[in-house]
*Asks:* 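After the structure tokens below, expect a handful of questions from me.
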Amino acid sequence: MGRPKQMLPLGGKPVLARTVEAFQKAGVPEIIVVTPPENRPELNRHFSGLIYADPGSTRLESVQNGFLKVSPQAQTVAVHDGARPLVNPAAIAACLQEAAQYGAAVLAVPVKDTVKVCHNQTVEKTLDRSALWAAQTPQCYRREILAEALEKFGAEKDATDESQLVEKLGVRVRVVPSDYKNNKITTPEDLIFAEALVNENVIYRTGFGFDLHRLEPGRKLFVGGIEIPHTKGFLGHSDGDLVLHALCDAVLGALCAGEIGILFPPTDESIKGISSVTIAKKVLEIVRAHHAEIDHMDATIITEEPKMKPHYEAVRQSLSRVFEIPVERISFKSKSHEHVGEIGRGEAAMCQAVATLKIRSSL
Ligand code: MG
């Protein structure tokens with residue numbers, strides 16, 4: 001798949017980071033990640049306190065390397081594929097509990113397809129589907145059982161899971177029903193399915209914002225969070241940054257969460273002269289409280305002066321810092337008012353803006 005599949009982005013995070021998160025949510029106190037050193041810096045950006053082990057040349061060797069790092073007080077050990085990021089934390093906990101009670105347990109799902117045994121492209125026999133389960137991970141064991149299985153049979157090259165070794169010891173392995181979301185990401189279409197599952201509760205909403213301020217001689221001119229040298233600036237209870245005001249109202253509009261005049265009333269003397277960046281940061285807090293993120297914003301300032309084109313990139317960079325999203329998702333542009341009316345005479349300017357938000361629905 002071009003690069004290690006565990007590090008491919010899934011819903012904006014590496015697959016392996018989502019896998020680790022699932023184990024954290026399940027309350028697993030010690031997580032050992034068997035991955036090459038080059039993958040670790042990216043994981044360390046998401047987590048602290050992970051323990052690492054080096055991969056071996058086979059799956060079982062990797063499991064053995066990880067098992068060597070398990071702390072002595074651990075009673076039960078779960079072995080999991082890093083490429084199964086959508087495992088349900090409740091299923092992890094159930095599998096661990098079953099293993100603690102019975103010695104060994106694996107997550108599995110009933111097989112949906114009819115399975116044929118074939119040789120030379122010819123069916124030899126059809127298996128009874130009602131008895132077939134597809135094994136997933138985690139596969140959980142009491143520590144001493146896994147230790148014995150790895151010691152006795154760990155050198156076997158063709159074992160595709162540890163459960164086979166434990167079965168050989170004569171230990172009965174319990175099956176804990178799982179779900180089909182806990183798929184192993186193996187081929188490119190698996191990642192497309194996983195991406196769809198990660199986004200199944202995501203909705204997109206767009207909000208609109210508008211603002212107008214007078215231009216007065218002798219005031220500083222703020223546009224999108226930066227000061228632009230000019231002889232006039234926007235009059236306002238705040239610093240008058242109408243681009244930030246229109247964008248903030250667009251964001252709040254997408255959330256159906258009011259407007260900045262309610263959050264920061266112009267009658268409140270304590271906030272006179274407030275920086276509009278402070279207003280935008282408050283709006284960003286509201287975005288996060290709604291489990292949302294800004295996907296895209298687009299603002300057009302309508303003004304006769306000063307000319308905005310030379311400042312497009314600086315304003316976009318500033319908006320990227322203020323709203324904490326990549327600059328590629330921000331559009332900023334300007335229009336003249338063709339010398340018509342107050343805006344055309346340079347007495348005022350206005351801004352129109354839209355913002356699209358990605359909202360994680362709690363339904
Ligand atoms: Mg305003």
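Just so you know, ligand 1 is whichever comes first in the structure, and atom 1 is the first atom listed for that ligand. Note that the coordinates shown come from a computational prediction; the quantities given were computed from them, not determined experimentally.
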*Asks:* Could you grab the angle centred on the Mg ion (ligand 1), going from OD2 in Asp211 to NE2 in His213, to 10°?
*Replies:* 90°
*Asks:* Quick check on Lys358: does its NZ atom have over 12 non-hydrogen neighbours (other residues, nucleotides or ligands) under 6.0 Å away?
*Replies:* yes
*Asks:* Would you say Asp241 reaches the Mg ion (ligand 1) with an N/O/S atom under 2.8 Å?
*Replies:* no
*Asks:* Look at the rings of Tyr312 and Phe332 and say which category their plane angle falls in: under 30° parallel, 30 to 60° tilted, over 60° perpendicular.
*Replies:* perpendicular
*Asks:* State the OG-CG distance between Ser275 and Leu244, to the nearest 0.5 angstrom.
*Replies:*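 With rounding to 0.5 Å, OG (Ser275) is 7.5 Å from CG (Leu244).
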*Asks:* Run the salt-bridge test on Glu216 and Arg214 with the 4.0 Å N-O cut-off and return the result as yes or no.
*Replies:*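 No salt bridge links Glu216 with Arg214.
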*Asks:* Nearest to the Mg ion (ligand 1), which N, O or S atom of His245 do we find?
*Replies:* ND1
